[in-house]
A.B. asks: 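Here you go, one structure.
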Amino acid sequence: MTKQYNFAFFDEASKREIRRAIIKGIAVPGYQVPFASREMPIGRGWGTGGLQITLAIIGKRDVLKVIDQGCDESVNAVNIKKLIHATTDVEITEETKRASIIQSRHRIPEHPLEENQIMVLQVPTPEPLRHFEPREAATRVLHAQADYTGAWLNLFDQIVCFGTTTTGADHPVKVNQRYVMAPSPIPRFDNLKLHQSPNLTLFGAGREKKIYAVPPYTTVEPLDFKDHPFAVEDFRGKQCTICGASGVYLDETVDEESGKTLYRCNDTAFCTQQAALKGLI
Amino acid sequence: MGADKELHHIQLSFRAVMDAMARPGKVYNLPSYQEKRSSHFGLEAPLETLVKMFIDQAVSFCVIASEPTNIQNAIMAETHARATSQENASFVVVAHGCEKGLAEQAIAQAKKGSFLSPEAGATILLGCERLAFPKNRDDIEKKDASLYWVSVEGPGVKDSHVFGVDYFDWVWARKRREDEFPCGIEIILVDRQGQVVAIPRSSFLSVLAMEEGKEGEGTPWLM
């Protein structure tokens, strides 16, 4: 590595600022800690929050995995990996179980995470109350008073209009029975993976200048009603056409020639691993 | 220590502290120093590492020690942080060997943040003589007059974590604050050997075993 930047790109003062916010975020699970978000060499909205967290915590011994929409090879993931590797020289992997830090947009990997792993999620809109309250000063008061009426009403409106909640992703959750939190645009399928998970999950929103966290073994409950319980995407009876996996989050595609609907694993690394184990590739 | 070495040392130390905060009551080790180093601040090396990890010109701090002025001036000179009273400081540094009453007072008076800004609650960097991790139940039941066993529950803890510490008056001081969550303080304990335990405001503590002959022996006290 030719040294052109400080290790992990940031100056040490920037790392201290982010590290202080991370510590407070872990201490108050689900609370959005404001921090002095830095300008990054990627556009805001492209994962600057997650990237700032990763750069503030990463060390020489870490093994990094970056995914975007479940894929290790998408443009966003590849460029983030390139930047981090160029400024740290850390090992990059696609294998979930080998990674010590996993930065992700939109997915938590299918392979269950372990205690020694850190999940970093990129968050575009960290405020779960933003739909009905555009003022930041007002949402802070609502969080202070634990007044989450608006979040419940939002779900209630969806049920009245459509017969079910229509949150495809970013379904709000209550953390440690106190804060309602946006779990980042992960599908509902992944929401339950946050509950009592053995790993630490950190959330970074660069544009909105917020960091928050879910410590290991913490209660995370999706908001729902007794007569409309929370439900994940239903993939019953469907399996991946590449590796044959079922019970995982699947992408739906259409074969243009036959017009047939096909399904395949959204987590490409998991799919490749499963296919290799079964001798399919 | 060169700037590069220090950078990596602080990074590894931060990961130990972050893990400690994510798993309250579990004992973690700060990375050991390969070379002998002198203290710039007049603090024990592990506590100095915590100071360098968190304190800079963006935050305020306060030193609690028998002779705090020199330490405070040294930290100000190197980090450009603002020294302030213990009621207003973002970071309260309680030096090793400091009078126990002063440590209790620091915990009692540290700022708790507000419902609007709970992150404004202080972080106490608390130097202690000894921290210990029980390998099994026998370690806890064994009468070791120099250790008190503290059990921790709450977010980050699956069932409970137990650690040993040489004094526990800070536990009472923390309890007496009666902060209403999410307001509160974080306490990061660090011993002279570089072992750390973190207690975030979300944790519940109970003292499991008392020094022989003292009231409440073996009875857990919820805090």
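Throughout, protein chains are lettered first and strands after them, A, B, ... in sequence-line order, and every chain is numbered starting at 1.
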A.B. asks: Pull out the residues in residues 116-129 of chain B that come under 4.5 Å of chain A, heavy atom to heavy atom, sorted by number.
C.D. replies: L116(B), S117(B), P118(B), E119(B), G121(B), A122(B), T123(B)
A.B. asks: Side chain from CB out, backbone as N, CA, C, O: work out which of these in M21(B) comes under 4.5 Å of a heavy atom of chain A, or both, or neither.
C.D. replies: both
A.B. asks: Contact between I23(A) and F14(B) at the side-chain level, heavy atoms closer than 4.5 Å - yes or no?
C.D. replies: yes
A.B. asks: Between R15(B) and I57(A) (side chain of the first, backbone of the second, donor and acceptor by atom type, cut-off under 3.5 Å), is there such a pair?
C.D. replies: yes
A.B. asks: Counting heavy-atom pairs closer than 4.5 Å to chain A, which one of V59(B), I10(B), D19(B), T79(B) comes out on top?
C.D. replies: V59(B)
A.B. asks: Under a 4.5 Å heavy-atom cut-off, does chain B meet the side chain of V28(A), its backbone, both or neither?
C.D. replies: both
A.B. asks: Considering non-hydrogen atoms only, spot the tightest contact between R23(B) and L200(A) and give its length.
C.D. replies: NH2-N, 4.3 Å
A.B. asks: Under a 4.5 Å heavy-atom cutoff, which of A36(A), A213(A), P34(A) has the most pairs with chain B?
C.D. replies: P34(A)
A.B. asks: At a 4.5 Å cut-off on heavy atoms, which part of F54(B) comes close to chain A: side chain, backbone, both, or neither?
C.D. replies: both
A.B. asks: Is the shortest distance from a Lys or Arg side-chain nitrogen in D56(B) or R20(A) to a carboxylate oxygen in the other one below 4.0 Å?
C.D. replies: yes
A.B. asks: Within the supplied structure, the quantity of interest is the number of heavy atoms (other residues, nucleotides, ligands) at a distance under 6.0 Å from K82(A) NZ; does it exceed 12?
C.D. replies: no
A.B. asks: Could you list which of residues 141-148 of chain A have a heavy atom closer than 4.5 Å to any heavy atom of chain B, in residue-number order?
C.D. replies: V141(A), A144(A)
A.B. asks: Using every non-hydrogen atom in the two residues, find where R16(A) and M53(B) come nearest and quote the distance to one decimal.
C.D. replies: CG-O, 3.0 Å
A.B. asks: Looking only at non-hydrogen atoms, find the nearest pair between P155(B) and T218(A) and report the distance.
C.D. replies: CB-OG1, 3.6 Å
A.B. asks: Which residues in residues 115-126 of chain A have a heavy atom less than 4.5 Å from any heavy atom of chain B?
C.D. replies: E115(A), I118(A)
A.B. asks: Testing the basics here: between A22(B) and P215(A), what is the closest heavy-atom pair and its distance to 0.1 Å?
C.D. replies: O-CB, 4.0 Å
A.B. asks: Are L7(B) and K15(A) close enough that some pair of their side-chain heavy atoms sits under 4.5 Å apart?
C.D. replies: yes
A.B. asks: So which heavy atom on R178(A) is nearest to which on P182(B), and how close?
C.D. replies: NH2-CD, 3.7 Å
A.B. asks: Within residues 183-201 of chain B, which positions have a heavy-atom distance to chain A below 4.5 Å?
C.D. replies: E186(B), P200(B), R201(B)
